[in-house]
2 protein chains.
Amino acid sequence: MNEKKKLTLKDIGKELGISVSTVSRALKEHPDIAQETIKLVKEYAESHNYVPNLLAVNFRKNRTFNIGLIVPELVHHFFSTVISGAISEANKQGYNLMVSQSNDILKDEVLASRAMLNSSVDGLLISISNETHEGKHIMEFLEEGKPVVQFDKITDELPTPKVIVDDFNGAYGAVNHLITEGFTKIAHIRGRRDVKNASERCEGYKKALEDAGLEQQGYWVKVCVKISEQEGYDFTKELMEGENPPNAIFCITDLVALGSMRYLKENNYNIPKDIGIIGFSNWMLSKVISPRLSSVEQHGFQMGVESTKLLLEMIKNHDVESNQTVELKTELIVRESSQLSQL
Amino acid sequence: MNEKKKLTLKDIGKELGISVSTVSRALKEHPDIAQETIKLVKEYAESHNYVPNLLAVNFRKNRTFNIGLIVPELVHHFFSTVISGAISEANKQGYNLMVSQSNDILKDEVLASRAMLNSSVDGLLISISNETHEGKHIMEFLEEGKPVVQFDKITDELPTPKVIVDDFNGAYGAVNHLITEGFTKIAHIRGRRDVKNASERCEGYKKALEDAGLEQQGYWVKVCVKISEQEGYDFTKELMEGENPPNAIFCITDLVALGSMRYLKENNYNIPKDIGIIGFSNWMLSKVISPRLSSVEQHGFQMGVESTKLLLEMIKNHDVESNQTVELKTELIVRESSQLSQL
DNA sequence: CTGTTAGCGCGTTCAG
DNA sequence: CTGAACGCGCTAACAG
């Protein structure tokens, strides 16, 4: 029980013998108020360290200076990087960030968004779960005049701005790099068909092969469900044990690439001499394993910053109509796992 | 501009021809109110989906149902795991979690905590930065009657409950395991001297050697500053190139262990035959590299859950006096990198 | 230039 | 059992 009662405008007014509203206006240097009064009030407030009761201010203004963020999974290098960027930008503009996760379960996502909607947040940043399609719970935000920005895992069903990585070109560049290095039979371990990012990357892969006039085989494309290390291992086994095995693999994610490399190393394939590998995401681990893994950097921090900027802009303009798409450039990071030419 | 104005108690009262206060009481099934009226009001509220204005409620009750969490670094496997646990428990109890990071910079930590203190949070979970010592900014919470719980990186200077990992015994167990496996000359790559966890682990290391009557050498203990992969590499090089090189290394963190292993592999040491390695934290990477890395699991999720439970308990009891310390058990995870006996 | 007044939406007396 | 009235702390419209 230590509740030190805080100073209010009323207290200051009483003490200084002026009215509450004058104090209020003086504090924000309203042009109507005499310089003298402003000085007086400000000094008093300062010395008695007056702190406005944000709860009251927010109630009055009907906003909270909080923004919400929901990701499928928090314990994930890419998403935590995005969050880091979002926090940085939000704080810079005087907002706090509320974080929640859906675990890729629609029910959890709905719960999390409801919890945030009920007046605790002025807007929402969301990367949707694999199960989210129509998104009524997200529309509820818009209906209440609270802007939403989607990032990374998005759906075109919802009329909100979107910040995404240029998956298509990222994948194209990765595969094209393999081709340039001299790999000719390139397989792809991809993600679920109903997840947009995965499909974009797969399209980029196909286009690169096509443009180079290289062999394409349906059985060279494997579909992950969980994007796990084990799937990388298992599919690589399938690929290498099947007929007409590839001599390079483009993996949907570094983690999958890791599984792929595990299988290959266990079976005495030399990477990249026998088979080239490239991942996607440029996780920290890609530069500390051996051989170091080539990958595609997604600039997660920047994604967090850009999404937040967009959202705050909308909040300030009471705008829930925008729905442009911002595509962030990827960056190819070449390391040993794909570099035939350096050997 | 889509502001769908929300239903208020007043609206319901007017519509039903009863007073605001009756509506208010009916909604929370106050015993004074007739069952009939309760039913009437509830049904109306339900069908017109009335949602109380939390901003107003919070203002009235002077609390927010938000809790804050500050960690040194968000993009970090252990911390993001803790956060995940904190979110889970907070949501379960109807609270939202506000997240921020200090980047291990005191100034940033102060900024983040101030931002949260100003009425946007009912309590704080914090893992302090390396630069934090006295913690005036944290005392400010207590002075305002808002409880604080420290976790993982803590300081005894502050009179708050603390949730920590049993670093001493975790380290003791890890080193003891190496001893049991037959390693005799065990080095330790530790963290900064002014960081408690690092010192606890180092003490555990020393005690294990002492209890086993094994050789101890000052030059077998190396001190990291950044806890980076590169430091692991460099110190291992120093250790192995120096005279009387060790035959096992206990690393402060899996990342450091990774660097250590990189050096060893590059220089054709066989792990664990020539040299045993054990890490700490049990990051995901430890089970996907080869050889798989033995490590000490810290149960980060559980730490998040426990810390949050403690904090919410205090919030509910208006308690800012407790200062017990909860120590979470670690768990030794034995993998290939330290298992001489299985070869 | 400043004070008075009137709410914001809700909870909580205090009267009936 | 119910309603009227007040106030949380702050802002803003309206007077002077």
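Protein chains get the first letters and strands the later ones, always in sequence-line order, with residue 1 at the start of each. These figures come from a predicted structure and were not determined experimentally.
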- request: Can you tell me the distance, in whole Å, between the NZ atom of A:Lys10 and the C1' atom of C:dT5?
  value: 14 Å

query: Could you give the CD1-to-C1' distance, from B:Ile38 to D:dT2, as a whole number of Å?
result: 12 Å

message: Tell me if the side-chain of A:Ser21 makes a donor-acceptor pair with the base of C:dT4, cut-off 3.5 Å, by modelled atom types.
response: yes

- prompt: Between A:Lys28 and D:dC10, is there a side-chain N or O to OP1/OP2 distance below 4.0 Å?
  reply: no

statement: Of all heavy-atom pairs linking A:Leu124 and A:Leu69, the shortest is CD1-N, 4.2 Å

query: Which nucleotide sits closest to the side chain of B:Ile18: C:dT2, C:dC10, D:dG3?
result: D:dG3

- prompt: Out of C:dC10, D:dC10, C:dG9, which has the shortest distance to the side chain of B:Leu9?
  reply: C:dC10

- prompt: Considering only heavy atoms and no angle criterion, is a donor-acceptor pair shorter than 3.5 Å present between the side chain of B:Arg60 and the base of D:dG9?
  reply: no

query: Just to confirm, is there a sub-4.0 Å distance from OP1 or OP2 of D:dT2 to any side-chain nitrogen or oxygen of B:Thr22?
result: no

message: I need the CG-P distance between A:Leu7 and D:dC10, as an integer number of Å.
response: 9 Å

message: Given D:dG9, D:dT2, C:dC10, identify the nucleotide with an atom nearest to the side chain of B:Ala34.
response: D:dT2

- prompt: Do B:His133 and B:Glu157 meet the criterion of a side-chain donor-acceptor pair at a distance under 3.5 Å?
  reply: no

- prompt: So do the side chains of B:Tyr50 and B:Asp11 get within less than 4.5 Å of each other, counting heavy atoms only?
  reply: no

message: How many whole angstroms separate atom CG of A:Asp32 from atom C1' of D:dC14?
response: 12 Å

message: Does B:Gln324, at its CD atom, have more than 12 non-hydrogen atoms belonging to other residues, nucleotides or ligands within less than 6.0 Å?
response: yes

message: The side chain of A:Thr8 is closest to which nucleotide in this list: D:dC10, C:dG9, C:dC10?
response: D:dC10

- prompt: Over how many whole Å does the gap from B:Arg25 atom CZ to C:dC10 atom C1' extend?
  reply: 12 Å

- request: Take the protein atom NZ of B:Lys61 and the nucleotide atom C1' of D:dG9, then report the distance between them rounded to whole Å.
  value: 18 Å

query: Does a nitrogen or oxygen in the side chain of B:Ser24 sit under 4.0 Å from OP1 or OP2 of C:dC10?
result: no

query: To the nearest Å, how far apart are A:Asn58 CG and C:dG9 C1'?
result: 14 Å

- request: Taking all heavy atoms of B:Gly123 and all of B:Val121, pick out the closest pair and write down the distance.
  value: O-CG1, 3.0 Å

query: How long is the line joining CD of B:Gln35 and P of D:dT2, in whole Å?
result: 10 Å

task: Please state whether the phosphate of D:dC10, meaning OP1 or OP2, lies under 4.0 angstrom from any side-chain nitrogen or oxygen of A:Tyr50.
output: yes

